[in-house]
Amino acid sequence: MISTAVISGFALALFAPAIHRFKPAWSGGIFALLPLSLFVFFFSCISEISGGVEIVESVSWAPQVGAAFSFYLDGLSLVFALLITGLGTLIIFYSGGYLHGHPNLGRFYTYMLGFMASMLGLVLASNVISLFIFWELTSLSSYFLIGFDHHRESARSAALQALLVTGIGGLALLAGLIMLGLAGGSQEIYQLLGQEDIIRSHPLFVPMLILVLAGAFTKSAQVPFHFWLPSAMEGPAPVSAYLHSATMVKAGVYLVLRLSPVFAGSAAWHTSLALFGGVTMITGAWLAIVQTDMKKLLAYTTVNGLGMLVFLTGIGTPLALQAAVVFLIAHALYKGSLFLSAGVVDHETGSRNVRELRGLYRRLPLITIAAVLAGMSMAGLPPLVGFIGKELIYESVLSAPGPGQLAAAAALLANALLLAATGVLLLRPFFRRSTAETDSDSGHRVSIDLWLGPVVPAAAGLALGLLPGLLSGTLVSSAATAVAAKHVEVHLSLWHGITPMLVLSLVTVAFGCALYVAYISKESLVDRWRWLGSAGPDRWYAVGLEALKALAHWQTRLLQSGHLHHYVLTIVLTTVILTAVTMIRLKGFLIPSTDLDVRAYELFIVILMILAALVAVRAKSRLSAIVAMGVIGYGIALIFVDFGAPDLAMTQFIIETMTVILFVLVIYRLPRYRSISGRGSRLFNGVVATASGVLMTCLVLVAHGVREGSRLSEYFATNSLLLAHGRNVVNVIIVDFRGMDTLGEITVLSLAGIGVYALLKLRPHAGIKGEKKQSATSELEQESTDN
Amino acid sequence: MNTLIAVLVGVLFGAGIFLMMSRTPVKLIIGLVFLSNAINLLIFDAAGLTRGIPPIIATGAETMAGSSADPLPQALILTAIVISFGVLAFALVLFNRTFKSLTARDLNELKATDT
């Protein structure tokens, strides 16, 4: 059933353009039915999963390498699956309105559904190899989604940036996962989860940890890889909403949560997660405030949220993991709603600039309500679910092992900055009195497919805040249990009485408001910080990419010089060096007894041929080289005669004669012999050629020692007459036993013949008359000067 | 005799490769011929030499005499001789054509794909 849920998304993605063409007006609603029904299915699993049941499904794929398409549903996967399908439903429905009439909308649904299915596969995969495959599929489909407006250069480069950063991280992850599988003795995650002692004491533990974290941090945009995420805002609003709320960037968070039971307990894991997460949450919130574009601002708050999640996983106490799960849900809801609201604002007003927009509450009342509810959740104000999340975060940092005060201060700073960023996003654009001209179109009606998307998650955030019991007993506790690898009791409520957490919350609000007021009064000062967003890692990425291109160019020029003799030289030298080194290293040059049973005429033939070869090498005229070549050809024919191969001898005689005739016919049309290469390079070529000759001689001598009786020869010798009714065994092999090979050979020869004919008949096109004349004269010159 | 042929193979190989590294077109083609001859001889020698008796079943006999030469390398070489002739003819005409169109006497002048 789980595998069907994953595959259905891919299947529908294939047919999406066709369905869209069939009913373009309704397509958003039609496609939203699939995630909706999946959401209902996963929703119906809640009671079963929170009862402690885990569902495992497996389809064998490549058992030799331990790869299988196996799926695994527990509390953690369920939370993610619900967010992916739930927000997926709303966002696909919303896309129909937002991109209404877009010529490539059908294709957009393909990408979107494919992305949803990949993400679902990622959070449900149990086998590490299939997890990696889905991980890469999300990178690939997000590439198409971010670059959807591919006619814009900035969209293309942002898509490429996201693909490269997450793709390189994905490769690191693959290496890490394979090591994990080797250390734990299984490729199935649910089996690895019980092996933490073995894995932690494995020598590969530290490299494995680093590689897995590299994958997670690139995907989840942790500093210093955070830069791709704001660039990815080039995608349309529904894409940003989906990628940044419930999917893509949460994949890294999912991975660290999923593998937390395996790595937890090692100091390296807790320290690096808390450190990177802490730096990321403060950086994200700080950079969010200085943005003027609504979507960029939201993107940096996403960086903040991801940092917070990684930070909490790093703390790793059951309470912190519980806080992480609640914050994960809260973040997905408010971030989805805010991105979709920003999309509506852009769609209706054509602007996303928080400095220019004003009075939106009059024009978009419904969106204003949704955005305010979601914004309050983001700022961590009661009575929304974000407040419960923040209280839990404070509770867990206060009780955290290690430097608790430092952690609390970091969380306080990040939350206060986030509150100020929420103020920047909402207060002035929505509530500042608008100037007269925009008053005219107040009360603009927004169609249902645009308002439903922002409103539902915001309302859900409110509902879960007011009735936290909906979450606590079931979803959160089973997810936190899965992450902490022991049972976690969860009791969520809005009001705990006067606690340290409440005091911290009040301090946060006061500090955040102060920051906002400071922002309003010193706007120009804020602008000076904006360069931070494009400096640093973003710059390194550009420089790195340029350097890579330069390196590729340089090595291509080096290897592909365009000179034929360089290619021959490279091939020969590589072969000689590699073969010789291997043979010497393995002591392969054990030459068996030398066989010096030579008759006088044989010796004469061989010496003649060696002399002819030297003549050919030293020849000053074409004719003497051809004569030398002929001597060698006929010499070989004589050797064939001597050693019982009359067929070969006959063929060699005929072919050699034809070769010489062909040469003599063509030779006077070719440029005459000249020594072009300099002395030095000829000497070098001579050394290389001699080395290759010596190597070949040695190899042939070695080959004499390893010869074994061929069973094939035996078979042919016995059956030639009986089966094929021929006495000449060589002929029988060629025309009968290996007849098909001979047919292939004839085909090759005919093709060569056609090629020769075509080249001879080819006339240079009429346009280059001058050149033709020139070549004709040079030919004449040639003939007159040649002797 | 095996050893002598092995030396001959080495000489032909070295000569062929030396000629192929030359920048004169004709030398390149002659080098190609040397190389294919060397390889044919290599197969012939590496498979073992048997003096005299060709792999032919005598009249009256049903199977080949045990002391005959090995028929398998001969069949391989027969194919190789013919194919290398095809390659040679094509290369020769191709160079002829190239020279006619481009009048390049030095292979180093043939660097770009466009003329």
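All chains are named by letter (A, B, ...) in the order of the sequence lines, taking the proteins before the strands, and each is independently numbered beginning at 1.
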Within the side chain of [X], is there an N or O that forms a donor-acceptor pair under 3.5 Å with the backbone of [Y]?
X        : Y        : value
B:Gln74  : B:Ala69  : no
A:Thr697 : B:Ala6   : yes
A:Ser720 : A:Gly726 : yes
B:Ser22  : B:Thr24  : yes
A:Asn719 : A:Tyr715 : yes

Among [options], who wins on heavy-atom pairs under 4.5 Å with chain A?
options                            : value
B:Leu41, B:Leu88, B:Leu94, B:Leu78 : B:Leu78
B:Ile29, B:Val7, B:Leu12, B:Ile30  : B:Ile30
B:Ala15, B:Ala38, B:Ala75          : B:Ala75
B:Leu19, B:Ile83, B:Val9           : B:Ile83
B:Ser68, B:Pro71, B:Gly16, B:Ala61 : B:Pro71

For the residue pair [Y] / [X], report whether a side-chain donor-acceptor contact shorter than 3.5 Å exists.
X        : Y        : value
A:Ser624 : A:Ser621 : yes
A:Ser561 : A:Tyr567 : no
B:Asp45  : A:His704 : yes

Please work out which of the three classes, parallel, tilted or perpendicular, describes the rings of A:His565 and A:His563, given edges at 30° and 60°.
parallel

Which bit of [X] comes within less than 4.5 Å of chain B, counting heavy atoms only: side chain, backbone, both or neither?
X        : value
A:Leu662 : both
A:Phe716 : side chain
A:Arg599 : both
A:Val572 : side chain
A:Leu751 : neither

Shortest non-hydrogen contact from A:Ala649 toward A:Ala637
CB-O, 3.6 Å

Toward chain A, the part of [X] with a non-hydrogen atom under 4.5 Å:
X       : value
B:Phe44 : side chain
B:Val33 : side chain
B:Leu76 : neither
B:Phe90 : both

Under the salt bridge (charged side-chain N to carboxylate O under 4.0 Å, His left out) rule, collect the residues that match up with B:Arg51, sequence neighbours excluded.
A:Asp597, A:Glu602

Select, from [options], the one with the greatest count of heavy-atom pairs under 4.5 Å involving chain B.
options                                : answer
A:Ile632, A:Val748, A:Thr690, A:Val732 : A:Ile632
A:Ala645, A:Ala628, A:Ala612           : A:Ala645
A:Val730, A:Val666, A:Thr651           : A:Val730
A:Leu759, A:Ile610, A:Leu760           : A:Leu759
A:Ile607, A:Leu648, A:Val598           : A:Leu648
A:Val568, A:Ile636, A:Ile654           : A:Ile636

Is the count of non-hydrogen atoms from other residues, nucleotides or ligands lying under 6.0 Å from A:Arg738 atom CZ greater than 12?
no

